[in-house]
Peer 1: 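First the structure, then my questions, so here it is.
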Amino acid sequence: MIKHSIIAALVVLLVASLVFAQPVGTVTYGSGTITPTSNGVIVTNEEVTVPMEQQVQTAKQKTAMHQHQVQHQAAAQRAAASAAATKAANEASLKKGEPKLKVHKTTTTTGTYDVSITNKRGTTDYGIAEESVTNAQGQTQTEGVVYSSYSPSKAARANAKGMEISLAGGATLLYNKDSRGDRYSKIGMGADVSMLKDVCTHLALGLDYMMLHPGSKTYDGRHYHGIYAHNISLAGKFTLNPWDNFQVYLPMGFGMMNARMKTVTDGETAGDNKWGASMYAGLGVQYDFTASLFAGLEYRYAYGWISDKNLTPFHKDKNVQFHNMMLRVGMRF
């Protein structure tokens with residue numbers, strides 16, 4: 001009896017010790033899955049047994065890993081969508097023939113400075129900059145000079161006008177003498193009007209009208225009325241230094257002249273008028289007060305193929321010649 005009681009007590013003690021020594025419980029998970037991500041490798045669903053008291057902590061870790069995996073997949077999907085959109089835009093631009101590919105480039109500007117040059121034609125101001133552009137493929141292209149402004153000089157503005165009209169007045173002298181060695185006239189008045197158009201920087205062509213009226217002269221038994229000469233010519237003006245404000249030029253022309261003069265001898269009047277070819281040449285200087293207004297002094301030698309025998313009975317059968325000195329003022333437009 002006592003033996004059976006002892007055995008029963010031992011069995012009860014063994015069962016109690018097993019009950020109190022055993023863990024509260026365990027949980028076993030299935031086969032594992034390995035997922036590569038940008039932050040490393042995530043292993044999920046591996047077969048593992050843990051005590052039941054750790055079950056809550058493992059579930060939290062599993063939830064966090066799942067959320068991280070979802071976020072990574074969403075970022076990858078957005079990057080793929082952006083790349084696809086860029087590719088589609090590039091292909092569309094290429095099809096239009098005006099490629100506007102989305103590439104990165106770098107622009108660098110170096111060596112910037114200003115230069116100013118002044119001469120007879122004006123002042124030129126410009127800047128020079130070296131601009132280097134490096135494209136996405138690593139190729140570099142450098143570009144150069146950019147001009148900024150030009151201020152023309154007074155002479156340059158004058159030459160740009162293209163046309164001029166001028167008036168002149170001064171003194172004239174008939175160079176011829178009669179058969180007795182006396183001059184037909186004394187110094188008289190001369191006038192001129194000229195209209196010219198530039199054909200190049202140095203040369204202008206146009207029309208010229210000149211009126212010459214030397215004064216009358218009286219000798220024993222002879223009285224020469226003042227001679228009148230009217231001259232119309234195709235005119236030219238050659239300027240030696242067109243880019244200066246003080247210019248030297250050569251006037252020239254060829255045309256027709258009409259001359260007339262009366263001679264009174266012992267109360268009788270003789271003389272006539274005559275037409276003939278003519279020419280003139282000379283030397284002039286002028287100063288540009290502005291781009292439009294100028295003035296100067298001009299000498300002309302005028303020659304007419306008109307014999308003095310058609311003008312007076314006291315002739316020497318010489319063609320008429322005139323020396324003229326005139327002050328000229330003009331305007332360009």
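Numbers here simply count residues along the sequence, with the first being 1.
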Peer 1: To check you understand the geometry: which heavy-atom pair defines the closest contact between S116 and T123, and what is its length?
Peer 2: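 Between these two residues, the closest heavy atoms are OG-CG2, 3.7 Å.
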Peer 1: Once rounded to the nearest 0.5 Å, what's the spacing between atom NZ of K120 and atom NZ of K154?
Peer 2: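 Spacing of NZ (K120) from NZ (K154) equals 14.0 Å.
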Peer 1: Grouping I, L, V, M, F, W and Y whenever their side-chain heavy atoms are under 4.5 Å apart, do Y209 and L327 come out in a common cluster?
Peer 2: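 No, because Y209 and L327 fall into different hydrophobic clusters, even though each may have its own neighbours under 4.5 Å.
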Peer 1: Please say yes or no: joined through hydrophobic side-chain contacts below 4.5 Å, possibly via intermediate residues, are Y184 and L173 part of one cluster?
Peer 2: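 No, Y184 and L173 fall in different hydrophobic clusters.
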Peer 1: Look only at the side chain of N241 and the backbone of V248, and say whether a donor-acceptor pair between them is shorter than 3.5 Å.
Peer 2: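 It does hold such a pair.
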Peer 1: Between D178 (side chain) and G181 (backbone), is there a donor-acceptor pair under 3.5 Å?
Peer 2: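 Checked: pair present.
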Peer 1: Which value, rounded to the nearest 0.5 Å, describes the distance between T218 atom OG1 and H225 atom NE2?
Peer 2: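 Here the rounded value is 8.5 Å.
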Peer 1: For A302 and L212, which heavy atoms make the closest approach, and how far apart are they?
Peer 2: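 Closest heavy-atom pair between A302 and L212: CB-CD1, 4.5 Å.
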Peer 1: For the atom pair CG (L293) and CD (E164), what is the distance rounded to the nearest 0.5 Å?
Peer 2: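 Rounded to the nearest 0.5 Å, the CG-CD separation comes out at 11.5 Å.
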Peer 1: Of all the heavy-atom pairs spanning T172 and P214, show the shortest one and how long it is.
Peer 2: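 Distance-wise, the nearest heavy atoms are CG2-N, 3.9 Å.
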Peer 1: Could you check F322 against M257 for side chain to side chain contact (heavy atoms under 4.5 Å, CB included), going step by step and ending with a plain yes or no?
Peer 2: CA-CA 12 Å; F322 299 86; M257 177 183 290; 4.0 Å; yes
Peer 1: Going hydrophobic residue to hydrophobic residue with side-chain gaps under 4.5 angstrom, can you get from M210 over to M256?
Peer 2: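 Each belongs to a different hydrophobic cluster.
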Peer 1: For M326 and L297, work out which heavy atoms get closest and say how close.
Peer 2: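 Of all heavy-atom pairs spanning M326 and L297, the closest is O-CD1, 3.4 Å.
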Peer 1: Considering residues at least two apart in sequence or located in another chain, which fulfil the side chain to side chain contact (heavy atoms under 4.5 Å, CB included) criterion with Y219?
Peer 2: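 Y219: side chain to side chain contact (heavy atoms under 4.5 Å, CB included) contacts with D182, R183, K217, R222, Y224.
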Peer 1: Is it true that the side chains of S292 and R332 contain a donor and an acceptor less than 3.5 Å apart?
Peer 2: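 No.
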Peer 1: Ignoring hydrogens and angles, tell me if any N or O in the side chain of N159 forms a donor-acceptor pair with the backbone of G162 under 3.5 Å.
Peer 2: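 Answer holds: no.
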Peer 1: To the closest 0.5 Å, what do you measure between CE (M325) and CD (E298)?
Peer 2: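 Those atoms lie 9.5 Å apart.
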Peer 1: Side-chain contact test, heavy atoms from C-beta onward, threshold under 4.5 Å: evaluate it for W305 versus V320 and give yes or no.
Peer 2: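 No, their side chains stay 4.5 Å or more apart.
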Peer 1: For A156 and R121, which heavy atoms make the closest approach, and how far apart are they?
Peer 2: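 Between these two residues, the closest heavy atoms are CB-O, 3.4 Å.
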Peer 1: Would Y287 and N245 satisfy side chain to side chain contact (heavy atoms under 4.5 Å, CB included), going step by step from the backbone distance to the final call?
Peer 2: CA-CA 6 Å; Y287 179 77; N245 294 323; 4.0 Å; yes
Peer 1: Salt-bridged, K274 to D308, with N to O below 4.0 Å?
Peer 2: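 So K274 does not pair with D308 through a salt bridge.
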Peer 1: Determine, step by step, whether N324 and Y280 satisfy the side chain to side chain contact (heavy atoms under 4.5 Å, CB included) criterion, reporting the C-alpha distance in whole Å, the side-chain angles of both residues, the deciding distance to 0.1 Å, and the verdict.
Peer 2: CA-CA 10 Å; N324 310 282; Y280 70 85; over 6 Å; no
Peer 1: When you check the side-chain N and O atoms of D317 and S307, is any donor under 3.5 Å from an acceptor?
Peer 2: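 A donor-acceptor contact under 3.5 Å links the two side chains.
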Peer 1: Taking all atoms of both residues into account, what is the closest heavy-atom pair of S233 and S278, and its distance?
Peer 2: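 The pair with the smallest heavy-atom distance is OG-OG, 4.4 Å.
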Peer 1: Please check this pair: side chain of S151 against backbone of G122, looking for a donor-acceptor N/O pair closer than 3.5 Å.
Peer 2: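 No, S151 side chain to G122 backbone: no donor-acceptor pair under 3.5 Å.
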Peer 1: Following the transitive rule for hydrophobic clusters with a side-chain heavy-atom cut-off under 4.5 Å over Ile, Leu, Val, Met, Phe, Trp and Tyr, establish whether M211 and I232 coincide in one cluster.
Peer 2: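 Same hydrophobic cluster.
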Peer 1: Are Y299 and Y301 an aromatic pair, judged by ring center distance below 6.0 Å?
Peer 2: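 Ring centres of Y299 and Y301 not closer than 6.0 Å.
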Peer 1: Could you check D208, L207, L205 and say which one makes a side-chain contact (heavy atoms from CB on, under 4.5 Å) with L234?
Peer 2: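 That would be L207.
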Peer 1: V285 and L196: same hydrophobic cluster, using ILVMFWY side-chain contacts below 4.5 Å?
Peer 2: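 No, separate clusters.
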Peer 1: Under 3.5 Å, is there a donor on one side chain and an acceptor on the other for H213 and Y228?
Peer 2: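 There is such a pair (donor and acceptor under 3.5 Å, judged by atom type) between the side chains of H213 and Y228.
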Peer 1: Give every residue pair that meets the ring pair (Phe, Tyr, Trp, His ring centres under 6.0 Å) criterion with at least one member in residues 230-279, sequence neighbours excluded.
Peer 2: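 Listed once each, the pairs are H202-F238.
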Peer 1: Keeping N176 on the side-chain end and Q321 on the backbone end, is there a donor-acceptor pair under 3.5 Å?
Peer 2: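 Yes, N176 side chain to Q321 backbone: donor-acceptor pair under 3.5 Å.
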Peer 1: Pairs of donor and acceptor atoms involving the side chains of residues 258-265, under 3.5 Å and at least two apart or interchain, shall be tabulated with distances.
Peer 2:
residue: N258; atom: ND2; partner: N273; partner atom: OD1; Å: 3.4
residue: T263; atom: OG1; partner: T312; partner atom: OG1; Å: 2.9

Peer 1: Compute whether any side-chain donor of one residue and acceptor of the other, for S194 and D192, lie under 3.5 angstrom apart.
Peer 2: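 No, no side-chain donor-acceptor pair sits under 3.5 Å.
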Peer 1: Check step by step if side chain to side chain contact (heavy atoms under 4.5 Å, CB included) holds for L283 and L250.
Peer 2: CA-CA 5 Å; L283 177 67; L250 305 175; 3.6 Å; yes
Peer 1: Report yes or no: is the cationic atom of K237 (NZ for Lys, CZ for Arg) under 6.0 Å from the centre of the six-membered ring of F294, at an angle within 45° of the ring normal?
Peer 2: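 Yes, a cation-pi geometry.
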